[in-house]
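Heavy-atom basis, side chains included; hydrogens, waters and symmetry copies ignored. We're numbering straight along the sequence, starting at 1. Please read all numbers here as calculations on a predicted model, not as lab measurements.
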Amino acid sequence: MTLSSLRGRRRGVAMIAAAVLVAGLPAAPAAASTTTTETALQWYDATAAAVATGTRPQVANSRAWAISWLAAARATRTAPTGNPRHYRDAALASAVHTALSTLIPDSAAALDSALRTTLDRVPDGRAKEQGAATGRAEARWLLTQRTGDGLDPASVNPAYPNPEAGPGSWQPTPPDFSPAQQAGTRFARPFLLDHANRYRPGPPPALNSEPYRADLAEVRAYGAVDSAVRTPQQTDTATFWLGSSLTLYTGILRAALAQYTGPVAERASLVAIFHVALVDTQIATSDAKYAYLRWRPVTAIRAGAGGDPAWTPLHATPAHPDYPSGHNTYSGAAEQVLTALLGPQAREPYTITSPSQPAATRTYRDWRRPTRENVDARVWSGIHTRSADEAGVRLGRDVAAHTLRNARQLFR
């Protein structure tokens with residue numbers, strides 16, 4: 001099934017998104033060739049390896065994915081001269097290589113080797129030359145366009161003064177009591193959002209409300225390091241989803257890319273739209289977190305009325321406010337994009353691994369179950385309230401829907 005076949009079967013965002021992926025494409029076979037499939041997956045893996053190096057903030061790595069694959073999507077949509085397959089393979093490889101070599105120069109040697117592998121496989125000729133030239137040009141243009149967008153490490157993590165202590169106010173959390181992180185992301189330039197606060201969720205539950213008391217009681221019982229009610233299976237879920245959302249969802253998106261057999265331009269567009277949505281989602285997440293500055297459960301449980309000064313969460317609390325949950329804005333956005341572009345079910349079951357639980361794997365049949373597990377996981381880790389998790393999912397879905405509605409703008 002091609003993405004264009006979603007037209008007439010799905011409505012709203014899904015129909016618009018499918019149209020975006022195929023708009024302006026020259027005629028192409030419904031199924032990709034083996035060579036095209038190898039090229040897309042080869043460069044997906046090369047991108048994943050490159051962004052895994054170093055200690056850049058997650059949103060800076062998401063930006064690298066978005067720029068490199070958007071350049072590839074634009075380059076492969078051009079009507080080629082000569083053999084279309086040769087043109088598009090050369091264009092995709094050259095676009096991603098050029099962008100990543102600039103953004104992650106420490107990976108240049110590995111990227112050069114990957115480029116040689118691809119181009120050696122493509123027969124010499126005008127199509128190969130034009131594809132490579134177009135890929136390089138699109139990457140350079142996009143790199144110039146995104147210069148100074150505020151997603152460099154220094155801009156993402158500026159010095160942030162601790163807020164005045166008080167009920168509900170975020171404070172640095174144990175064990176390291178690190179200063180707040182990601183406070184600068186809210187000022188970055190999105191790809192498609194007009195304002196970082198466009199989809200800002202309503203405020204968290206009031207401290208004296210029944211919903212908040214229930215939230216805190218749940219975290220206190222199920223999220224404690226020595227919880228007597230959390231099951232081993234719940235502990236496994238919390239640990240599996242503890243790591244970087246980008247790293248965890250790299251496996252999920254790869255499964256989607258491998259299972260989708262449409263033209264190479266559509267495959268590149270799938271990756272590009274996914275990561276554009278996730279960059280904008282992380283900007284919106286930072287906006288909401290630092291607008292509300294809600295304290296984390298560990299602070300509330302230790303300092304609140306009738307609190308427990310010795311209470312410790314299962315996992316260390318990240319150094320930024322509780323509301324909304326960033327893991328869940330990420331999962332909500334990812335689910336929205338994959339559901340809109342590929343349908344709610346994967347074509348085949350897919351299996352992913354986790355950096356925070358290296359010996360474990362999990363297998364899924366749809367894009368929604370990882371979201372549900374993320375919501376529970378952050379409570380069972382003791383680091384988020386359920387209200388923060390659920391608000392995060394809604395925010396991610398809202399931003400991703402905006403990306404899909406406006407994705408035509410990405411392909412100028």
- Item | side-chain contact (heavy atoms from CB on, under 4.5 Å) against Thr147, all qualifying residues, sequence neighbours excluded | none
- Message: Filter on salt bridge (charged side-chain N to carboxylate O under 4.0 Å, His left out), then keep only pairs touching residues 41-57, sequence neighbours left out; what's left?
- Response: Asp45-Arg254
- ring-ring contact (aromatic ring centres under 6.0 Å, His included) with Trp367: which residues, sequence neighbours excluded? Tyr350
- Counting heavy atoms not belonging to Tyr222, are there more than 12 under 6.0 Å from its OH? no
- Item | Between Gln233 and Asp236, a side-chain donor and acceptor under 3.5 Å | no
- All salt bridge (charged side-chain N to carboxylate O under 4.0 Å, His left out) counterparts of Asp194, not counting sequence neighbours: Arg198
- Message: Applying side-chain contact (heavy atoms from CB on, under 4.5 Å), can you list everything that pairs with Ala268, at least two apart in sequence or on another chain?
- Response: Trp69, Ala72, Ala73, Thr76, Leu92
- How about Thr403 and Asp280: does a side-chain donor come under 3.5 Å of a side-chain acceptor? no
- Query: Which value, rounded to the nearest 0.5 Å, describes the distance between Leu192 atom CG and Ile273 atom CD1?
  - Reply: 9.0 Å
- Item | Sequence-distant partners of Ala377, side-chain contact (heavy atoms from CB on, under 4.5 Å), two or more places apart | Thr237, Trp241
- Note on the structure: To the nearest 0.5 Å, atom CG of Asn61 lies from atom CG of Leu151 at 11.0 Å
- Message: Main chain of Ala114, side chain of His97: is a donor-acceptor contact present, judged purely on distance under 3.5 Å?
- Response: no
- Task: Quick one: list whatever passes side-chain contact (heavy atoms from CB on, under 4.5 Å) with Ser155, sequence neighbours left out.
- Result: Asp152
- Item | Main-chain N/O of Thr235 paired with Thr239 side-chain donor or acceptor, under 3.5 Å | yes
- NZ/NE/NH1/NH2 to OD/OE distance under 4.0 Å, Arg365 and Glu348: no
- Does a salt bridge link Arg200 with Asp287, judged by any charged N lying under 4.0 Å from a carboxylate O? yes
- Side-chain donor or acceptor of Trp311 paired with backbone N/O of Arg220 under 3.5 Å: yes
- Start with the C-alpha distance between Glu335 and Thr371, add both sets of side-chain angles, then the distance that settles side-chain hydrogen bond (donor to acceptor under 3.5 Å, both in side chains), and finish with yes or no. CA-CA 7 Å; Glu335 177 197 333; Thr371 304; 2.8 Å; yes
- Does any pair with a residue in residues 264-285 pass ring pair (Phe, Tyr, Trp, His ring centres under 6.0 Å), and if so which ones, sequence neighbours excluded? Trp65-His275
- Face-on cation placement of Arg347 at Tyr260 ring, 6.0 Å and 45° thresholds: no
- Query: Is a donor on one side and an acceptor on the other found under 3.5 Å between the side chain of His327 and the backbone of Gly243?
  - Reply: yes
- Message: Side chains of Ser245 and Gln58: any donor to acceptor distance under 3.5 Å?
- Response: no
- Message: So does Arg230 get a backbone contact from the side chain of Ser227, meaning a donor-acceptor N/O pair under 3.5 Å?
- Response: yes
- Could you verify whether a donor N or O on one side chain and an acceptor N or O on the other, from Arg372 and Ser331, lie under 3.5 Å apart? no
- With a 3.5 Å cut-off and no angle check, do the side chains of Gln42 and Thr118 form a donor-acceptor pair? yes
- Query: By side-chain hydrogen bond (donor to acceptor under 3.5 Å, both in side chains), which residues pair with Arg189, not counting sequence neighbours?
  - Reply: none
- Query: Which side-chain hydrogen bond (donor to acceptor under 3.5 Å, both in side chains) pairs, counting each pair once, include a residue from residues 386-395, with sequence neighbours left out?
  - Reply: Asp215-Ser387, Glu218-Arg386, Ser325-Asp389, Asn328-Asp389, Asp376-Arg386
- Task: Classify the side-chain pair Tyr364/Glu373 by whether it contains a donor and acceptor separated by less than 3.5 Å.
- Result: yes
- Item | Distance in Å, Ile352 CD1 paired with Arg362 CZ, rounded so as to fall on 0.5 Å steps | 8.5 Å
- Is Asp308 reaching over with its side chain to a backbone N or O of Ala310, donor-acceptor style, under 3.5 angstrom? yes
- Item | Donor-acceptor under 3.5 Å (Arg294 side chain, Lys289 main chain) | no
- Do Thr363 and Thr351 have side-chain atoms, one donor and one acceptor, less than 3.5 Å apart? yes
- With a cut-off of under 6.0 Å to the ring centre and 45° to the axis, is Arg74 in cation-pi contact with Phe411? no
- Query: Is there a donor-acceptor contact under 3.5 Å from the side chain of Arg63 to the main chain of Arg146?
  - Reply: yes
- Note on the structure: For residues 166-194, the ring pair (Phe, Tyr, Trp, His ring centres under 6.0 Å) pairs (sequence neighbours left out) are none
- Message: I'd like to know if the side chain of Thr173 reaches the main chain of Gln171, judged simply by a donor and an acceptor atom lying under 3.5 Å from each other, with no hydrogens or angles considered.
- Response: no
Return a table of donor-acceptor pairs under 3.5 angstrom between the side chains of residues 159-169 and protein atoms on other chains or two or more places apart.
from: Ser169; atom 1: OG; to: Glu164; atom 2: O; distance (Å): 3.0

- Query: Is the side chain of Arg296 donor-acceptor paired with the backbone N or O of Ile383 at a distance under 3.5 Å, no angle test?
  - Reply: yes
